[in-house]
Student: 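Before we start, here is the structure in question, set down as structure tokens.
We use all heavy atoms of the structure for the numbers below, so side chains are in, but hydrogens, waters and symmetry mates are not. All ligand and atom numbering here is 1-based and tracks the order in the structure.
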Amino acid sequence: MSVKDKIVELLHKELSEHLDKDQLSRLIEKPSNSELGDYAFPVFSLAKIFRKAPNAIAEELAAKLDPSGFEKVQVVGAYINFFIEKGAHGNSVIGEILSKGSDYGCTDVGKGGNVPIDMSSPNIAKPMSMGHLRSTVLGESIAKILAKINYNPIRINHLGDWGTQFGKLIVAYKGWGDEEVVKADPVNELVKLYVDFHEKAEENPELEDQARQVFKELEEGNQEYLDLWNWFKDESIKTFKKVYDLLDIHFDYYTGESFYNDKMQEVIDILADKGISHIENGATVVNLDKYNLPIALIKKSDGATLYLTRDLATAYYRKRTFDFVQSLYVVGSEQSDHFKQLKAVLKEMGNDWSDDMHHIPFGLITLNGKKLSTRKGKIVLLEKVLHEAIEIADEQIAAKNPNLENRQEVAQQVGVGAVVFHDLKSDRLNSFDFNLDEVVQFEGETGPYVQYTYARLNTVIAKYGKEVSDTVDFNLDDENSWEIIKLLQNYPEVIVKAATEYEPSVIAKYAITLAQQANKYYAKVRILEENDQLETRIQLVKAVTIVLKDALSLLNIKAPERM
Ligand code: ARG
């Protein structure tokens with residue numbers, strides 16, 4: 001039981017008639033000044049109930065509480081301040097971390113419930129944008145955080161592999177494309193064809209009609225078109241996988257929009273049968289006025305379906321297949337209206353489970369002021385960003401530790417980790433620009449800084465040279481170690497907060513704070529000095545390495561043992 005839970009228990013014994021445990025838990029504060037204890041309970045909310053001055057209430061209540069396990073329980077004004085008994089607490093926190101290892105912080109909040117996570121989801125025949133990279137990195141971290149509290153994440157790459165743009169692409173390829181040229185550099189050439197199509201279509205609007213017709217035939221199963229489309233798709237996935245491999249991210253499903261091609265009719269029928277949709281100028285639409293949302297287009301007048309139609313079918317499929325407890329869509333904030341419409345239409349259809357679907361939006365990242373999006377040639381750039389980061393990391397390692405054995409491997413872990421960490425450390429809704437040289441620094445609030453701290457502490461443990469026992473007899477009395485214990489003890493709570501808010505930045509910020517405290521400790525305390533506190537200091541250091549490594553792993557970042 002955490003110390004906070006213990007305080008809740010104690011207070012609840014006396015106050016159960018007036019406040020429940022959740023209310024008590026919300027009232028408990030963490031004083032910023034440690035002279036006011038480690039936790040404090042303000043009694044203001046009891047003044048009305050007991051009709052007494054707050055100070056008197058605090059005094060009387062405190063006198064009834066059993067202080068065992070605490071150094072002291074003290075009243076200051078309207079507050080009851082709880083001071084944790086350091087020895088016992090140190091033993092329990094450090095002992096728990098050392099014995100549980102990477103299981104420290106695991107809880108059963110999710111009870112094994114399925115959570116499909118729609119993440120990455122780039123569009124085929126287009127380069128993967130910075131936005132898709134963000135979705136990938138955020139989605140993976142959210143998956144890991146949820147798994148830590150026993151949800152079962154299911155990673156789904158909802159590729160943009162269907163829609164009228166494939167009509168355009170096929171018209172362009174058949175009109176002026178060259179097989180050999182496309183084979184040599186598929187994604188870039190396909191983008192070129194697409195861009196050319198739009199240029200030509202400005203002079204020759206007929207091309208648009210052709211494209212619509214071709215897409216319609218593709219939907220109806222025209223084999224020639226299907227073969228071309230399959231080829232475009234295979235080549236695109238191969239290119240995307242290079243980035244996924246660098247990031248060490250693996251999907252459970254590559255079910256893109258086309259997968260729902262034969263699953264949309266059911267939704268369209270339900271909408272019509274229940275009288276939710278109606279026909280307007282030949283198109284099938286759902287009015288969403290009462291949700292204050294734009295009208296939802298379900299089927300165009302030529303019979304072609306839309307992005308939204310496929311997402312409706314997708315939602316049904318995921319509910320049936322996974323019986324999800326939550327269903328997440330990690331997609332840029334510019335699609336907020338789309339997901340609101342999706343949920344509103346599902347709700348109109350009578351599906352209360354649409355309340356368990358959550359759009360997890362995020363802001364835009366740019367690199368050196370430039371947006372990496374659909375302009376041609378940019379896919380190379382994204383992979384290039386990661387490779388450049390690896391190079392910068394390698395130079396830094398070469399300067400610091402030239403004889404490192406697995407330097408290449410470590411440079412990859414540090415370079416890629418730096419980009420990922422930078423992406424995850426700010427609140428996901430923030431938009432930001434980044435500069436690679438700053439991101440791959442070993443100092444400052446960076447991924448390499450956290451990794452370096454981890455490696456440095458490992459070196460200390462290696463120098464100690466003995467097995468680190470997990471039987472703890474805590475005997476440290478300095479302020480630094482106490483700050484570290486408090487942080488370590490918070491870790492399980494931090495994970496739950498990150499999971500509830502779908503916010504990996506909570507973990508990233510925590511990792512930075514813990515690394516900073518650990519470095520302070522390293523600078524101030526002679527950790528390896530032979531005296532009767534040596535073993536406890538090493539146990540503390542070991543506990544920090546366990547938690548740092550785990551926090552990095554929740555961000556999908558590796559922790560090299562040496563660097
Ligand atoms: N392919 C889309 C895009 O690049 C993202 C798909 C998101 N997932 C979904 N189920 N709509 O904008």
Student: At under 4.0 Å between heavy atoms, which part of Phe339 makes contact with ligand 1: side chain, backbone, both or neither?
Tutor: side chain

Student: For the residue pair Lys319 and Phe324, would you count it as a cation-pi contact if the rule is NZ or CZ under 6.0 angstrom from the ring centre and within 45 degrees of the ring axis?
Tutor: yes

Student: Is the terminal nitrogen or CZ of Lys241 (NZ for Lys, CZ for Arg) located under 6.0 angstrom from the six-membered ring centre of Tyr254 and within 45° of that ring's axis?
Tutor: yes

Student: Can you confirm whether more than 12 heavy atoms, excluding those of Glu202, are under 6.0 Å from its CD atom?
Tutor: no

Student: Would you indicate which of Ile156, Asp311, Asn123 comes nearest to atom 11 (N) of ligand 1 when only heavy atoms are counted?
Tutor: Asp311

Student: Checking a contact table here: which protein heavy atom is nearest atom 12 (O) of ligand 1, and how many Å away?
Tutor: Gln335 NE2, 2.8 Å

Student: Answer yes or no on whether Lys347 is positioned over the face of Trp353, meaning its NZ or CZ is under 6.0 Å from the six-membered ring centre and within 45° of the axis.
Tutor: no

Student: Angle between ring planes, Phe432 versus His422, binned at 30° and 60°: parallel, tilted or perpendicular?
Tutor: perpendicular

Student: Between Ser135 (side chain only) and Val331 (backbone N and O only), is there a donor and an acceptor less than 3.5 Å apart?
Tutor: no

Student: Taking only heavy atoms of His132 into account, list the atoms of ligand 1 that are under 4.0 Å away from them.
Tutor: 3 (C), 4 (O)

Student: Under 4.0 Å from a heavy atom of Tyr329: give me the atoms of ligand 1 that qualify, with their elements.
Tutor: 10 (N)

Student: Please report whether ligand 1 has a polar contact with Glu257, defined as an N or O pair separated by less than 3.5 Å (distance criterion only).
Tutor: no

Student: Nearest to atom 8 (N) of ligand 1, what protein heavy atom do you find, and at what distance?
Tutor: Asp118 OD1, 3.0 Å

Student: If you measure every N or O of Tyr307 against every N or O of ligand 1, does any of those distances drop under 3.5 Å?
Tutor: yes

Student: Measuring from the heavy atoms of Arg310, does anything fall under 4.0 Å of ligand 1?
Tutor: no

Student: Does NZ or CZ of Lys263 come closer than 6.0 Å to the centre of the six-membered ring of Phe259, within 45° of the ring's axis?
Tutor: yes

